[in-house]
Amino acid sequence: MDEPDTHFNPKWRAKMIQMLNYVSALEINAANKVTKVRDQEIIITTHSPFVVSDTRKEDVYVFEKGENGTHYHNPEIETYGASINLILQEVFRRDITISGYSHTKLEELREAFKNITDKRHIKNLILDTQIELFQFGESIEKFDLYNYLSIKEDEIE
């Protein structure tokens, strides 16, 4: 199946492997849990960390283009049950957990401190940046910027 999850909402993506287990079930117990599946292989291409999180690392193949062609390997981490953030980082090589646009805005806020040495100016910029951060939802990247502001506050005191 070539990216069957492409048009699924996140809730359905998170349930995709579970749904495939029901489709291929031979036995389901009284608690509606699959106890036996057909002896078969299903090959799925995906860019969904949800699908990867329901798959053991030995069944996940990461394809990467290089100078000498395309190569594949299994992830180094156990993917089964791994967090979406960890899979994004380790399998999809995406260190940033938010969109590019909002990440760029956070980086611009951080860059505003470059080459500023006046303590009063830095203090005002910290306050302005903290106010600006109220517009952002919660993320690791936002937390990192708050941490950076805390370091800047310590430096000027």
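Model, not experiment: these values are computed from the prediction.
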Would you say [X] and [Y] are hydrophobically clustered, going by side-chain heavy atoms of ILVMFWY under 4.5 Å?
| X | Y | answer |
| --- | --- | --- |
| Val52 | Ile17 | no |
| Tyr148 | Ile156 | yes |
| Ile96 | Phe136 | yes |
| Tyr146 | Leu125 | yes |

### Query
Quick one: are Asp54 and Met16 in side-chain contact, heavy atoms under 4.5 Å?
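Side chain of Asp54 against side chain of Met16, heavy atoms only: no contact under 4.5 Å found.
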
### Any side-chain heavy-atom pair of Leu20 and Ile44 under 4.5 Å
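Yes, their side chains come closer than 4.5 Å.
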
Give me the atom names and distance for the closest heavy-atom approach of [X] to [Y].
| X | Y | result |
| --- | --- | --- |
| Val37 | Val34 | CG1-CG1, 3.5 Å |
| Leu133 | Leu109 | CD2-CD1, 4.2 Å |
| Arg38 | Val23 | NH1-O, 3.1 Å |
| Thr46 | Ser48 | OG1-N, 2.9 Å |
| Thr79 | Lys57 | OG1-N, 3.2 Å |
| Leu86 | Ile77 | CG-CD1, 3.7 Å |

[atom1] of [X] to [atom2] of [Y]: how many Å apart, nearest 0.5 Å?
| X | Y | atom1 | atom2 | value |
| --- | --- | --- | --- | --- |
| Glu90 | Asp95 | CD | CG | 8.5 Å |
| Glu132 | Gln130 | CD | CD | 12.0 Å |
| Phe8 | Lys15 | CZ | NZ | 12.0 Å |
| Lys123 | Glu153 | NZ | CD | 8.5 Å |
| Ser83 | Gln89 | OG | CD | 9.0 Å |

For [X] and [Y], indicate whether the former's side chain and the latter's backbone hold a donor-acceptor pair under 3.5 Å.
| X | Y | result |
| --- | --- | --- |
| Thr35 | Glu27 | yes |
| Ser53 | Ile84 | no |
| Arg13 | Pro49 | no |
| Glu141 | Thr97 | yes |
| Asn74 | Val60 | yes |
| Arg94 | Ile98 | yes |
| Lys152 | Ile126 | no |

#### Entry: side chain to side chain contact (heavy atoms under 4.5 Å, CB included) evaluation trace for Leu106 with Asp144
CA-CA 10 Å; Leu106 288 174; Asp144 285 345; over 6 Å; no

Any chance [atom1] of [X] has more than 12 other-residue heavy atoms, nucleotides or ligands included, within less than 6.0 Å?
| X | atom1 | answer |
| --- | --- | --- |
| His7 | NE2 | no |
| Asp39 | CG | no |
| Phe63 | CZ | yes |
| Tyr22 | OH | yes |
| Glu67 | CD | no |
| Ile43 | CD1 | no |
| Lys142 | NZ | yes |
| Glu76 | CD | no |

### Task
Can you label the angle between the Tyr61 ring and the Tyr72 ring as parallel, tilted or perpendicular, going by 30° and 60°?
perpendicular

### Task
If the plane angle is over 60° it's perpendicular, under 30° parallel, otherwise tilted; pick one for His47 and Phe92.
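Rings of His47 and Phe92: tilted, 30 to 60°.
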
### Message
Check whether Tyr80 forms a cation-pi arrangement with Arg56 (NZ or CZ under 6.0 Å from the six-membered ring centre, at most 45° off the ring normal).
### Response
yes

### Task
Please name all residues satisfying ring-ring contact (aromatic ring centres under 6.0 Å, His included) with Phe50, sequence neighbours left out, ordered by chain then number.
none

### Task
Dump the intermediate steps for side chain to side chain contact (heavy atoms under 4.5 Å, CB included) on Glu107 and His103, then the final yes or no.
CA-CA 6 Å; Glu107 286 302 306; His103 182 259; 3.6 Å; yes

### Message
Before you tell me yes or no, could you show the steps for Lys105 and Glu108 under side chain to side chain contact (heavy atoms under 4.5 Å, CB included), namely the whole-Å CA-CA distance, both residues' side-chain angles and the distance that decides it to 0.1 Å?
### Response
CA-CA 5 Å; Lys105 291 295 181 185; Glu108 287 172 0; 3.6 Å; yes

### Query
Step by step, would you call Ile122 with Phe113 a side chain to side chain contact (heavy atoms under 4.5 Å, CB included)?
CA-CA 7 Å; Ile122 292 172; Phe113 287 88; 4.2 Å; yes

